[in-house]
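Here is the structure we will look at.
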Number of protein chains: 2
Amino acid sequence: MATIKDVAQKSGVSVATVSRVLNEKGYVHEETRAKVVQAIQQLNYSPNEVARSLFKRESRLVGLLLPDITNPFFPELARGVEDELQKQGFRLLFGNSDEDPVKEQAYIHTFLQNQVVGLISATQASKELNDKPPALPTVLLDRTHDGSYTVYADGKEGGRIAARELIKRGSHKVTVLKGPSHIQPVQDRFQGAMEVLGNSNVDFHVIHTTSFTYEEAEQRAKELFSCYATTDGIIASNDITAAAVLHEALRIGKSIPEEVQIIGFDDIPLSRLLFPSLSTIRQPAYEMGSQAAQLLLKLIKKEQVTAQHIQLPVTFVERNTTRKVKEHG
Amino acid sequence: MATIKDVAQKSGVSVATVSRVLNEKGYVHEETRAKVVQAIQQLNYSPNEVARSLFKRESRLVGLLLPDITNPFFPELARGVEDELQKQGFRLLFGNSDEDPVKEQAYIHTFLQNQVVGLISATQASKELNDKPPALPTVLLDRTHDGSYTVYADGKEGGRIAARELIKRGSHKVTVLKGPSHIQPVQDRFQGAMEVLGNSNVDFHVIHTTSFTYEEAEQRAKELFSCYATTDGIIASNDITAAAVLHEALRIGKSIPEEVQIIGFDDIPLSRLLFPSLSTIRQPAYEMGSQAAQLLLKLIKKEQVTAQHIQLPVTFVERNTTRKVKEHG
DNA sequence: TTGAAAGCGCTACCAG
DNA sequence: CTGGTAGCGCTTTCAA
């Protein structure tokens with residue numbers, strides 16, 4: 001690997017001058033510049049980012065912390081983040097935390113050691129970062145927290161929509177699967193659904209789940225249909241859970257959506273491929289990732305940011321686990 | 001951020017000594033060490049990886065290049081890589097190339113600029129790296145290439161198995177969906193299937209697809225059933241394609257697996273959630289990622305590696321898009 | 001318009 | 001066993 005010194009030597013100038021043409025700052029005579037550029041090309045030189053980072057005490061790296069890339073909701077998020085960052089010349093340092101605070105801290109720690117310029121996190125811990133300056137610019141993704149910059153979807157409205165659509169389509173005995181309660185957006189969905197359900201005249205009951213694994217959902221689905229066999233509408237905490245419920249319903253011979261309607265949450269790629277394809281509340285995952293990256297970039301560049309919290313809208317994606325409703329039939 | 005100098009000052013020794021206790025090399029008196037350790041703790045010091053990298057001319061970063069993390073086959077791969085690397089204290093620099101050579105080169109270039117110690121790539125380009133020394137240790141994942149270190153699954157055998165299982169279960173008119181032909185492992189699957197089909201007495205025909213997108217697969221599936229309505233067994237190039245075929249079959253009222261059997265390839269998480277759940281040839285994605293990471297680590301540490309190519313076995317996962325066969329009924 | 005030199009934080013060599 | 005020092009590759013004063 002050629003260094004700046006080699007370039008300087010070859011073009012017969014000082015490293016300072018080479019640095020100037022590299023960074024396009026400071027005066028440099030056109031002729032000199034030409035010589036330097038030529039040397040750079042001949043040597044196929046490109047600057048060492050590490051040395052640069054050391055001097056500037058910051059890199060062009062951004063840390064991305066996800067619970068688990070294997071969960072189908074996250075790849076889209078990640079892609080949104082990456083595409084945006086990549087456009088602006090930043091690279092991604094990536095880690096899965098499994099929601100484990102120890103792992104989380106370990107990652108943040110090494111990110112810091114590598115002098116990342118910012119952090120995007122879809123996990124809990126990262127909050128403390130904002131406390132003790134010099135704070136690392138951080139944006140929370142799919143998570144909320146008052147003191148932090150956040151990008152998330154309107155879970156509460158999502159919950160409301162789910163409940164409303166179910167009722168509109170004739171469910172009378174609704175079951176709500178309530179996801180892990182320590183995750184705020186999940187709570188929001190639940191609250192939204194509760195709000196609408198509470199103000200309606202349908203029966204409903206709530207089943208609590210502690211994870212988003214398919215296995216647990218399968219288990220809960222079994223309980224659901226045995227304890228509450230007459231339920232005719234199910235609001236799942238996310239699409240994975242909905243898929244498990246759908247499977248179980250099919251297995252025991254329920255017809256979907258005639259006997260039971262099901263609504264998921266997220267709209268992961270899987271959802272349209274299920275049979276019947278899953279009606280769900282869509283979170284704009286890619287867009288969320290992209291917005292988070294944009295926000296972070298502004299923070300890094302110390303540009304004016306107008307909103308500390310960016311809430312993106314959710315939409316109802318009508319597919320085949322809900323009945324058709326004739327508008328003004 | 002405290003530096004090694006601060007620690008030296010606080011503990012009343014030289015930076016050289018601090019460095020020695022940090023790296024646990026060279027002699028240092030127990031008392032001195034204690035003082036240093038204490039200072040480190042008090043200052044909450046941790047060494048700057050960037051400075052370290054600069055000096056050593058290598059980091060503890062590994063580049064991971066994937067076509068698209070949004071394709072459900074890759075998250076598992078990535079996770080396998082990450083978990084293994086993480087255990088050994090390496091971090092991941094991550095990029096999606098979309099199979100675009102320009103993007104690919106751009107990523108590799110910045111990886112290099114950041115002095116990664118190795119590269120794991122599930123894309124084409126990375127081959128050239130092995131040409132001109134000093135070569136960056138590289139392992140190709142889910143790709144093959146003679147001159148490189150590779151980890152991949154036995155696609156050919158997978159193709160054979162798929163064909164065999166279909167025939168064993170009574171398909172007489174088989175359709176093979178042949179994926180993008182520039183991807184070697186995909187070719188292998190196809191060749192494997194051809195081999196068995198050619199030696200059998202069933203009719204078969206081949207449809208070529210140029211991508212792995214659901215949209216194209218949908219299109220092809222339509223053609224398939226209209227041009228070749230009597231087909232009773234389909235070997236798809238991967239699970240996404242299989243899902244599209246399955247959907248189309250269901251849509252036009254074919255009964256699965258009675259009228260048509262379908263076998264996919266990969267065994268992505270989606271496959272078991274389809275209805276009917278998808279029979280498929282499983283690639284051990286997580287294991288592949290993990291093995292690739294282990295191999296790379298050996299390369300980096302210049303440990304003896306016994307095999308340049310690691311081929312992992314595939315297995316038939318029998319689910320419900322194939323008929324049951326009574327063994328020795 | 002250019003160059004010399006200091007220094008980012010760290011490791012490794014050589015003296016002592 | 002310990003410290004001084006050079007130097008990794010780069011950027012940025014400061015003088016010339």
Side-chain angles (χ1 to χ4, degrees), chain A residues 1-40 43-61 89 109-117 134, chain B residues 1-40 43-61 89 109-117 134:
Chain A
M1 268 301 188
T3 75
I4 197 173
K5 244 185 217 164
D6 300 326
V7 177
Q9 220 151 51
K10 180 149 197 130
S11 47
V13 302
S14 74
V15 294
T17 303
V18 177
S19 176
R20 269 182 223 115
V21 350
L22 245 28
N23 299 290
E24 303 184 7
K25 59 169 61 165
Y27 299 95
V28 37
H29 193 92
E30 190 44 55
E31 269 178 40
T32 330
R33 140 175 269 100
K35 276 191 300 184
V36 171
V37 168
Q38 201 192 12
I40 287 177
L43 291 167
N44 191 17
Y45 165 79
S46 86
N48 180 326
E49 273 299 322
V50 176
R52 230 174 217 183
S53 300
L54 177 59
F55 182 87
K56 297 205 163 180
R57 284 190 231 74
E58 64 174 49
S59 66
R60 290 174 69 74
L61 264 23
H109 188 218
T110 54
F111 287 172
L112 252 15
Q113 284 186 301
N114 282 285
Q115 294 184 173
V116 298
V117 274
Chain B
M1 268 298 188
T3 75
I4 197 173
K5 244 185 215 165
D6 301 326
V7 176
Q9 218 151 52
K10 180 149 197 133
S11 46
V13 300
S14 74
V15 294
T17 303
V18 177
S19 177
R20 267 180 227 116
V21 349
L22 245 28
N23 298 290
E24 305 184 6
K25 58 169 63 164
Y27 299 96
V28 37
H29 192 92
E30 191 44 57
E31 269 177 40
T32 329
R33 138 174 271 100
K35 275 193 300 189
V36 172
V37 168
Q38 201 191 14
I40 288 176
L43 292 169
N44 191 19
Y45 164 81
S46 85
N48 180 326
E49 273 299 321
V50 175
R52 231 174 217 184
S53 299
L54 178 59
F55 182 85
K56 298 205 163 179
R57 283 193 234 68
E58 63 173 49
S59 67
R60 290 174 70 73
L61 263 24
H109 188 216
T110 55
F111 288 172
L112 252 16
Q113 282 187 302
N114 282 285
Q115 294 184 173
V116 299
V117 275

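Every chain is numbered from 1 and lettered A, B, ... according to where its sequence line falls, protein lines coming before strand lines.
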Could you tell me whether the side chain of A/N114 and the main chain of A/F111 form a donor-acceptor pair under 3.5 Å? no

DNA chain C: first to last nucleotide in contact with chain A (atom under 4.0 angstrom from a heavy atom), 5' to 3', is C/dT1 to C/dG9

Could you tell me whether a side-chain N or O of B/N23 sits under 3.5 Å from a main-chain N or O of B/R20, the two making a donor and an acceptor? no

Practice prompt. With the side chain counted from C-beta on, respond yes when A/V117 and A/R60 share a heavy-atom pair under 4.5 Å apart, and no when they do not.
Written response: no

Check: Any donor-acceptor pair under 3.5 Å linking the side chain of B/Q113 with the backbone of A/S46?
Finding: no

Open item on the list: Could you check whether any side-chain N or O of A/E49 sits under 3.5 Å from a backbone N or O of B/T110, counting only pairs where one atom can act as donor and the other as acceptor?
Closed with: no

Quiz item: Does A/V13 offer a backbone N or O that forms a donor-acceptor pair with the side chain of A/T17 under 3.5 Å?
Solution: no

query: Is there a side-chain contact between B/P47 and B/R52 (heavy atoms, below 4.5 Å)?
result: yes

Can a side-chain donor-acceptor contact be found between A/N48 and B/Q115 if the only test is distance below 3.5 angstrom? yes

**OP:** Measure the shortest side-chain to side-chain distance between B/Y45 and B/L22 over non-hydrogen atoms and say whether it is less than 4.5 angstrom.
**Re:** yes

Residues in residues 30-37 of chain A with a heavy atom under 4.0 Å of DNA chain C, by number, are A/T32

In B/S/- notation (B base, S sugar-phosphate only, - none; protein heavy atoms under 4.0 Å), nucleotides 8-16 of chain D written 5' to 3' is BBBBB----

_With a 3.5 Å distance limit and no angle check, can you tell me whether B/S11 reaches the backbone of B/V7 through a side-chain donor-acceptor pair?_
yes

